[in-house]
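Below: the structure, in C-alpha cells.
As a basis for the values below, the full set of heavy atoms in this structure was taken, side chains included, without hydrogen atoms, waters or symmetry mates.
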Amino acid sequence: MAQRFSRIGVLDSGIGGLSVLRYIHRMLPNHPTLYFADQAHLPYGPRPAAETRAYVTAITRFLLERGAAVIVLACNAASAASLYDLRRQHPDIPFVGMEPAVKPAAAATQTGVIGVLTTRTTANGALYRRTLERHAGRARVLTQIAPELVTIAESGSPNTPENRTIIRRYVEPLVEAGADQIVLACTHFPFLSETIQEIAGTNVTLIDPAPAVARQVARVWPKGLMPSSAPNTYYTSGDPASFQMMLKRLIGVEAHAGYAHPG
Ligand code: DGL
C-alpha cells in the first residue's frame with residue numbers, strides 16, 4: 001500500500017550511490033532519504049541492459065510504494081539502462097540520473113584529452129553517446145571500461161597491493177595518453193579516488209558529478225511538497241550487516257539496514 005512519506009528515493013547496485021547520497025544529505029538535510037542497494041545483482045555494468053532495467057523497475061516500484069517523491073538513479077549503469085524508460089512509465093515523478101561528466105571535463109582540459117572510467121552498460125548506452133555528441137567538443141575522449149573497480153570499491157580495500165595493481169592498469173594508460181581530466185563515470189569510483197589520484201598524479205583532476213546531482217535533486221523536488229519527518233532508511237538485497245558496516249565506514253552513518261528483494 002502506498003504511504004506518503006515524501007522522501008527522496010535513491011538506488012544503486014551497491015554502495016556506489018552512497019557517494020551521491022552524502023551530498024544529498026549535505027544539501028537537503030531536512031529531506032529524508034530511502035536508499036536501496038541491489039547487492040544481490042551487483043555488478044550491473046556487465047549485464048545486458050534489459051536485465052538491469054528489470055531490476056531497476058522493480059526497485060523503483062518499491063521506493064514509490066514507500067513514499068519516494070523523487071527518485072535518484074545514483075548509478076550510471078542503471079541510468080543508462082533505464083532512465084528514459086522510467087520517465088515514460090512514471091511521467092509525474094521526477095527522476096534524476098547520472099550521466100558521465102564530460103561537459104565539465106571538456107571545459108577544463110588543457111591537454112585536450114579526457115579519460116572516462118566507467119562500466120560496459122554506461123559506455124554502450126544512448127545516454128553516453130548523446131553526452132559525447134553534445135559536450136565532448138574538440139576533446140579526445142578515452143573511454144576505459146573498468147569492471148573490477150566496482151568489486152574493489154565494494155570490498156572497501158582499494159589499497160591492497162593486488163587492488164592497486166588493478167587500478168593502476170586502468171588509470172596509467174589514460175595519463176600516458178595525455179589525459180588531464182578523469183571522469184568518474186561510476187558512482188562506486190569516488191570511493192577509490194585517493195588511490196586513483198595517487199596513481200594519476202597531481203596534474204590530473206578527477207571529476208565526480210555527485211555535488212551537481214545533489215543540486216539537481218534540490219531543483220526537482222516538487223514545489224510546495226513538505227518533506228516528511230521519517231528517518232533516513234536503508235535497504236539491501238544483499239547482507240544487511242556488511243552493508244551497515246560500509247555505511248559507517250564510507251559515509252560515517254550509523255543506521256540499521258533492512259533486507260528486501262523487490263521484483
Ligand atoms: N555504481 C554503479 C554505476 O554508477 C556501478 C555499476 C555496477 O554495478 O557495475 O554504474
* To do: Indicate yes or no for a side-chain donor-acceptor contact from Arg249 to the backbone of Gly156 under 3.5 Å, with no hydrogens or angles considered.
  => yes
ask   = For Arg138, does the CZ atom sit with more than 12 other heavy atoms under 6.0 Å from it, leaving out its own atoms?
value = no
Strictly distance-based, threshold 3.5 Å: is any side-chain N or O of Arg66 a donor or acceptor partner for the main-chain N or O of Gly9? no
For Gly263 and Ala58, the nearest pair of non-hydrogen atoms, with its separation, is CA-CB, 3.6 Å
Might you work through the side-chain hydrogen bond (donor to acceptor under 3.5 Å, both in side chains) test for Ser237 and His41, ending with a clear yes or no? CA-CA 8 Å; Ser237 57; His41 300 125; 5.0 Å; no
Note to self: Can a side-chain donor-acceptor contact be found between Tyr128 and Thr118 if the only test is distance below 3.5 angstrom?
What the structure shows: no
Note to self: Quick check against the 3.5 Å criterion: does Gln39 have a side-chain atom that pairs as donor or acceptor with the backbone of Thr236?
What the structure shows: no
**Asked** Tell me, do Leu86 and Ile71 make a side-chain contact under 4.5 Å, heavy atoms counted?
**Response** no
Checklist entry - If we only count heavy atoms from C-beta on, is the Gln216 to Arg219 side-chain gap below 4.5 Å? => result yes
Under a 4.5 Å cut-off applied to non-hydrogen side-chain atoms, are Leu117 and Leu174 in contact? yes
Discussion item. I'd like to know if the side chain of Tyr23 reaches the main chain of Val213, judged simply by a donor and an acceptor atom lying under 3.5 Å from each other, with no hydrogens or angles considered.
Written reply: no
Only one of Thr205, Thr111, Ile114 passes side chain to side chain contact (heavy atoms under 4.5 Å, CB included) with Asp180, and that residue is Thr111
Heavy atoms of Asn163 and Ser155 approach each other most closely as ND2-OG, 4.1 Å
Residues at least two apart in sequence or cross-chain that pass ring pair (Phe, Tyr, Trp, His ring centres under 6.0 Å) with Phe62, listed by chain then number, are Phe36, Tyr235
Residue set satisfying salt bridge (charged side-chain N to carboxylate O under 4.0 Å, His left out) with Arg164, at least two apart, ordered chain then number -> Glu198
Taken to the nearest 0.5 Å, the spacing of Ile15 CD1 from Met245 CE works out to 11.0 Å
Next on the checklist: Just so I know, are the side chains of Thr60 and Leu11 near enough to count as touching, which here means a heavy-atom distance under 4.5 Å?
Outcome noted: yes
Find out whether Val217 and Met27 are in side-chain contact, i.e. whether some heavy atom of one side chain is under 4.5 Å from a heavy atom of the other.
-> no
So CG of Leu192 and CD1 of Ile152: to nearest 0.5 Å the spacing works out to 7.0 Å
Thr143 versus Val141: any side-chain heavy-atom pair under 4.5 Å? yes
Looking only at heavy atoms, the pair that brings Ala101 and Ile207 closest together is CB-CG2, 3.7 Å
Look only at the side chain of Glu172 and the backbone of Ile199, and say whether a donor-acceptor pair between them is shorter than 3.5 Å. no
Using a 3.5 Å distance criterion without hydrogens, assess whether the side chain of Thr109 forms a donor-acceptor pair with backbone atoms of Ala106. no
- Query: Linking I/L/V/M/F/W/Y whenever their side-chain heavy atoms sit closer than 4.5 Å, directly or via other members, would Ile196 and Ile145 fall into one cluster?
  - Reply: no
Connected via hydrophobic side-chain network under 4.5 Å: Phe189 and Ile251: no
Rounding to 0.5 Å, atoms CD (Gln144) and OG1 (Thr119) come to a distance of 12.5 Å
Scanning both residues in full, the closest heavy-atom pair of Pro222 with Val70 reads CD-CG2, 3.8 Å
Shared ILVMFWY cluster between Leu28 and Leu225, side chains joined below 4.5 angstrom?
yes
Using modelled atom types only, decide if a donor and an acceptor are shared between the side chain of Glu254 and the backbone of Gln244 within a distance under 3.5 Å.
-> no
When every non-hydrogen atom of Phe243 is compared with those of Gly14, the smallest separation belongs to CE1-O, 4.5 Å
Exercise for review: Step through the shown structure and confirm whether more than 12 heavy atoms of other residues, nucleotides or ligands are within 6.0 Å of CZ on Arg47.
Suggested key: yes
Enclosure of Glu194 CD (heavy-atom neighbours >12, cutoff 6.0 Å): no
Q. Taking a hydrophobic cluster as the set of Ile, Leu, Val, Met, Phe, Trp and Tyr residues connected by side-chain heavy atoms closer than 4.5 Å, whether directly or through intermediates, do Val150 and Tyr35 fall within one such cluster?
A. no
Exercise for the section: Go through the steps to decide whether Thr121 and Tyr44 satisfy the test side chain to side chain contact (heavy atoms under 4.5 Å, CB included), and finish with yes or no. Expected result: CA-CA 8 Å; Thr121 303; Tyr44 280 172; 5.6 Å; no
Pair Phe95-Val220, side chain to side chain contact (heavy atoms under 4.5 Å, CB included): steps then yes or no = CA-CA 8 Å; Phe95 283 89; Val220 303; over 6 Å; no
Requested in this report: Please confirm whether the backbone N or O of Pro227 pairs with a side-chain atom of Ser6, one donor and one acceptor, at under 3.5 Å?
Outcome: no
One should read off an interatomic distance between Arg134 CZ and Arg129 CZ, to the nearest 0.5 angstrom, of 13.0 Å
Report task. Give a yes or no answer on whether the side chain of Tyr55 reaches the backbone of Ser13 with a donor-acceptor pair at less than 3.5 Å. Result -> no
Verify same cluster id: Tyr234, Ile24 (apolar side-chain graph, 4.5 Å) | yes
Salt bridge (Lys or Arg N to Asp or Glu O under 4.0 Å) pairs touching residues 78-102, sequence neighbours excluded, are Asp85-Arg88
To the nearest 0.5 Å, atom CG of Leu21 lies from atom CG of Asn232 at 7.0 Å
Is the shortest heavy-atom distance from the side chain of Pro262 to the side chain of Glu65 under 4.5 Å? no
On a heavy-atom basis, the closest approach of Val171 and Ala200 is CG1-CB, 3.9 Å
When rounded to the nearest 0.5 Å, the distance separating CD of Glu162 from CD of Glu148 is 13.5 Å
| query | Can you tell if the side chain of Leu149 reaches within under 4.5 Å of the side chain of Cys186, non-hydrogen atoms only? | reply | no
Any donor-acceptor pair under 3.5 Å from Ser19 side chain to Thr187 backbone = yes
Practice problem: Could you walk me through whether Met98 and Leu73 pass side chain to side chain contact (heavy atoms under 4.5 Å, CB included), step by step? | Solution: CA-CA 7 Å; Met98 306 295 304; Leu73 304 182; 5.8 Å; no
